[in-house]
Amino acid sequence: MPKYERIVILSGAGLSAESGLSTFRDKDGIWARHKIEDVATPQAFARDPERVLEFYNTRRKGAGGVKPNAAHEALARLESEHPGDVLTVTQNIDPLHEMAGTRRLIHMHGEILKILCNHCGAREPWEDDLSTDLACRICGEKGGMRPDVVWFGEMPYEMEEISRALGACDLFISVGTSGTVYPAAGFVMEARGAGAHTVELNLEPSEGASMFAETIHGPATQVVPKYVETLLG
């Protein structure tokens, strides 16, 4: 196994599925039961904020009782023990990476246990239910407190930092992603353009599996710890 100096990890819903969180795009996932345009767009929040907040309050309750699995723990170990640079970029809005011990982490789609004020842009940790009566503690306005998650039609967070990391990495690992959601689905090509070795660790081949130099398929709790062990070997 070559020695890599700069590793970028992309994680998706398949990583958290083994901790009991529903994925979004599977045939029985969240988007099979809810219309995106009703609960996950700025227009939906403007049109029916109560419905949107009810949807996310349910998601927030679900995120509160889960625990990281062996794959989360293995990735945190990689960050801790690898002598080079490791950055984890997650599409997941749950706190499982942090709970496992990952410290250098970008939530490109936001965080379910944080809130964002539509009026002034303030954000803060928040575990209770959200309502239209909740006032922002910074600007005092009501009616604008929403989950700090990136909705469809909004720009993912920290894209410039992610792009810099992809352009400098020599190993790119994609874990538990469908390969269908952009811009994350294009990260493998950015990493390849920088000359990085690219690896997919996924339950089954993703939409973009052919773009990876190496693919390993199986449950995340099995393939991720084994691959990390090989890297640290």
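Reckoned from all heavy atoms, side chains included, excluding hydrogens, waters and symmetry mates.
In terms of heavy-atom proximity, Pro225 sits nearest to Ala74 at CA-CB, 3.6 Å. Between Val39 and Ala44, the closest heavy-atom pair is N-CB, 3.9 Å. The two residues Leu130 and Pro147 come nearest to each other via the heavy atoms CD1-N, 3.7 Å. Here the closest non-hydrogen pair linking Cys117 and Cys120 is SG-N, 3.5 Å.
Two residues are said to be in side-chain contact when any heavy atoms from C-beta on lie closer than 4.5 Å; Val149 and Glu111 fail this criterion. Looking only at side-chain heavy atoms (C-beta outward), Gln91 and Met108 come within less than 4.5 Å of each other.
Residues satisfying the side-chain contact (heavy atoms from CB on, under 4.5 Å) test with Ser131, not counting sequence neighbours, are Asp133, Leu134. In terms of the salt bridge (Lys or Arg N to Asp or Glu O under 4.0 Å) criterion, residue partners of Glu229 (sequence neighbours excluded) are, by chain and number, Arg77.
Pairs of residues two or more places apart, or lying in two chains, that qualify as salt bridge (charged side-chain N to carboxylate O under 4.0 Å, His left out) and include a residue from residues 138-153 are Arg123-Asp148, Arg146-Glu154.
Using a 4.0 Å cut-off between charged nitrogen and carboxylate oxygen, Arg137 and Glu124 count as a salt-bridge pair. Taking the charged nitrogens against the carboxylate oxygens, Asp85 and Arg104 do have a contact shorter than 4.0 Å, which makes a salt bridge.
Put simply, the side chain of Ser206 gets close to the backbone of Ala209: a donor and an acceptor are under 3.5 Å apart. Between the side chain of Arg60 and the backbone N or O of Asp128 there is at least one donor-acceptor pair closer than 3.5 Å. Without hydrogens or angle criteria, Asn69 side chain to Ala71 main chain gives a donor-acceptor distance under 3.5 Å.
Residue-environment remark: CD (Glu54) stays at or below the threshold of 12 foreign heavy atoms within 6.0 Å. Annotation: Glu127, atom CD; neighbour count of heavy atoms from other residues, nucleotides and ligands within 6.0 Å does not exceed 12.
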Table please: side-chain donor-acceptor pairs of residues 7-14 below 3.5 Å, with sequence neighbours left out.
residue: Ser11; atom: OG; partner: Thr90; partner atom: OG1; Å: 2.7
residue: Ser11; atom: OG; partner: His97; partner atom: NE2; Å: 2.8

List, one per line, each side-chain donor-acceptor pair under 3.5 Å for residues 185-197, sequence neighbours excluded.
residue: Glu190; atom: OE1; partner: Ser163; partner atom: OG; Å: 3.4
residue: Arg192; atom: NH1; partner: Met211; partner atom: O; Å: 2.9
residue: His197; atom: NE2; partner: Glu214; partner atom: OE1; Å: 2.8

Just distance, no hydrogens or angles: give the donor-acceptor pairs under 3.5 Å from side chains in residues 215-222, sequence neighbours left out.
residue: His217; atom: NE2; partner: Glu200; partner atom: OE2; Å: 2.9
residue: Thr221; atom: OG1; partner: Glu18; partner atom: OE1; Å: 2.5

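For Ser19 and Ser16, the side-chain atoms include no donor-acceptor pair closer than 3.5 Å.
A cation-pi geometry, defined here as NZ or CZ lying under 6.0 Å from the six-membered ring centre and within 45° of its normal, does not hold between Arg51 and Phe55.
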